[in-house]
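Both counts, for ligands and for their atoms, begin at 1 and track the order of listing.
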Amino acid sequence: MKTRELLDTAKALVAADRGLLAMDESNPTCNKRFAAQGIPQTEGARRAYRELIVTAPGLHESISGAILCDETIHQHREDGTPFIKVLSDSGIIPGIKVDAGAKDLAGHRGEKITEGLDGLRERLAVYSRLGARFAKWRAVITVGVGIPSRGCMDANANSLARYAALCQEAGLVPIVEPEVLMDGDHGMERCRKVTEEVLHSVFHQLYAQRVILEGMILKPNMVLPGLSCPKQKDVDAVADATVGCFLRAVPAAVPGIAFLSGGQSAELASARLNAMNARFKSLVPWALAFSFARAIQQPALEIWRGEEANVGAAQQALLHRARCNRAARRGEYDAVMETGRQRG
Ligand code: 13P
């Protein structure tokens, strides 16, 4: 393992107010989003869409790294250039999603365990040879009556830690993603408690598996009320609860916290990240960054709709969201940035 490289990559992923673009939707998830826009669910359409993203001019100004899925990492531009080379040549670090998805956890009704550890060492070696420099694994925690259980939290934390250790052995920076889902009518305090408990379990397991904290990035949910909770909170309250929770549970050695968007609107995700940085950037030990999929891509996807003629406009929408989130990292995002733009 080359520790220096790991540390440098982890730092680079959150440097200069840039953030990550998650474009690693599995084929079924990508197809579902295509179907909602009337886009054909074919390999060709997925390739064309990912080409639109990686060739958006100037994307590297706001995006430090892009997370691909197995299909995309093997794909090329129409002119034959591998996507991974397009990204690296433009100054964007390529990464790869390596989990095999969340499956029902035996004996735990309503809870999931993420699979994919079998053969992971060999797959990481292949991805590293292809040029990936970091990886991602997502664990899913559901909030409900009597859940999450200790068994679910600890099993997912253990898998995340074993994945992270294998990544570092292979020279890849692990993005460690324990996602507490937004679904439900629970209040923000419940989300805060569950998130803190999950994070304690994750960092306990990362320590036990000897993961170098300086060579990883945490990708968590923000602390939010459930989507159907009648008491929604303003952005400052979300920023306070989120940063307060992470101060209690995330060691200072971790270089960056790159939030997922989790189904928030694109504008709210930017506003909440902005509030965290405006209020706490100089006070917290880690970079407060982003690793959004939907909150960067959704407006662009809705403009593209599978039509070649819409590629330019869709790229502009993608770049706009990326720039808004870069501004949010500086605490300089303002809702006026949204006015005058076509919304998806
Ligand atoms: P969202 O930002 O759409 O939640 O996706 C982030 C991600 O990578 C999920 O694993």
Side-chain angles (χ1 to χ4, degrees), residues 13-14 19-34 36-37 49-50 53 62-73 92-103 112-116 132 134-143 156 159-160 163-164 167 173-183 191 195 198 202 216-224 226-227 238 242 256-273 276 288-302 317-318 321-322 324-325 328-329 344:
L13 286 171
V14 292
L20 300 171
L21 168 58
M23 48 180 291
D24 60 331
E25 300 83 3
S26 63
N27 291 350
T29 300
C30 188
N31 287 345
K32 205 164 72 188
R33 292 187 187 156
F34 277 17
Q37 305 301 322
Y49 178 57
R50 267 64 183 253
I53 295 176
S62 311
I63 299 298
S64 55
I67 315 173
L68 309 177
C69 66
D70 183 68
E71 178 179 83
T72 314
I73 203 170
I92 296 176
I93 303 173
I96 178 77
K97 186 248 301 289
V98 299
D99 67 67
K103 309 283 158 61
K112 301 275 184 197
I113 179 72
T114 301
E115 295 185 348
F134 70 100
K136 183 193 105 169
W137 177 291
R138 172 174 177 253
V140 181
I141 307 292
T142 308
V143 180
N156 276 291
S159 296
L160 277 166
Y163 137 83
C167 283
V173 168
I175 307 285
V176 173
E177 181 178 4
E179 175 174 5
V180 177
L181 294 174
M182 287 168 69
D183 306 293
C191 178
T195 302
V198 168
V202 167
M216 64 161 272
I217 300 290
L218 180 69
K219 173 165 174 165
N221 52 286
M222 296 182 190
V223 172
L224 302 170
L227 266 181
V238 167
T242 304
I257 296 179
F259 291 97
L260 58 92
S261 58
Q264 307 172 62
S265 74
E267 291 86 352
L268 259 183
S270 299
R272 287 164 168 164
L273 178 64
M276 284 183 227
L288 292 167
F290 57 91
S291 177
F292 297 157
R294 283 163 287 180
I296 294 181
Q297 291 184 47
Q298 192 60 27
L301 182 65
E302 290 171 12
L318 186 83
R321 290 262 50 93
C324 284
N325 290 313
R329 283 213 50 193

Among all protein heavy atoms, pick out the one at the shortest distance from [atom]; state its residue, atom name and that distance to 0.1 Å.
{"atom": "atom 10 (O) of ligand 1", "value": "Lys136 NZ, 2.5 Å"}
{"atom": "atom 3 (O) of ligand 1", "value": "Arg294 NE, 2.7 Å"}
{"atom": "atom 9 (C) of ligand 1", "value": "Glu177 OE2, 3.3 Å"}
{"atom": "atom 5 (O) of ligand 1", "value": "Ala293 CB, 3.2 Å"}
{"atom": "atom 4 (O) of ligand 1", "value": "Gly262 N, 2.6 Å"}
{"atom": "atom 8 (O) of ligand 1", "value": "Lys219 NZ, 2.6 Å"}

Contact (N/O only, under 3.5 Å) between Arg33 and ligand 1: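 So ligand 1 has no N or O lying under 3.5 Å from an N or O of Arg33.
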Ligand 1 N/O within reach of Glu179 N/O, cut-off under 3.5 Å: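 No; the residue has no nitrogen or oxygen that sits under 3.5 Å from a nitrogen or oxygen of the ligand.
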Option whose closest heavy atom lies nearest to atom 2 (O) of ligand 1, chosen from Ala258, Ala22, Ser261, Ser26: Ser261
Over all atoms of both residues, closest heavy-atom pair of Ile217 and Gly256: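 In terms of heavy atoms, the two residues are closest at CG2-O, 3.6 Å.
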Shortest non-hydrogen contact from Pro178 toward Lys219: CD-O, 3.5 Å
Between Thr195 and Asn221: side-chain donor-acceptor atoms closer than 3.5 Å: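 There is such a pair (donor and acceptor under 3.5 Å, judged by atom type) between the side chains of Thr195 and Asn221.
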Test item: side-chain donor near acceptor, Arg321 and Ser270, under 3.5 Å: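 The answer is yes; a qualifying pair exists.
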Lys136 side-chain N/O to Ile67 backbone N/O, donor-acceptor pair under 3.5 Å: no
Tyr49: ring-ring contact (aromatic ring centres under 6.0 Å, His included) partners, not counting sequence neighbours: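 Listed in chain order: Phe34, Trp304.
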Ser261: partners by side-chain contact (heavy atoms from CB on, under 4.5 Å), with sequence neighbours left out: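 Ser261: side-chain contact (heavy atoms from CB on, under 4.5 Å) contacts with Ala269, Phe292, Arg294, Ala295.
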Numbered atoms of ligand 1 (with element) below 4.0 Å of Phe292, judged on heavy atoms: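 Selected atoms, number and element: 2 (O).
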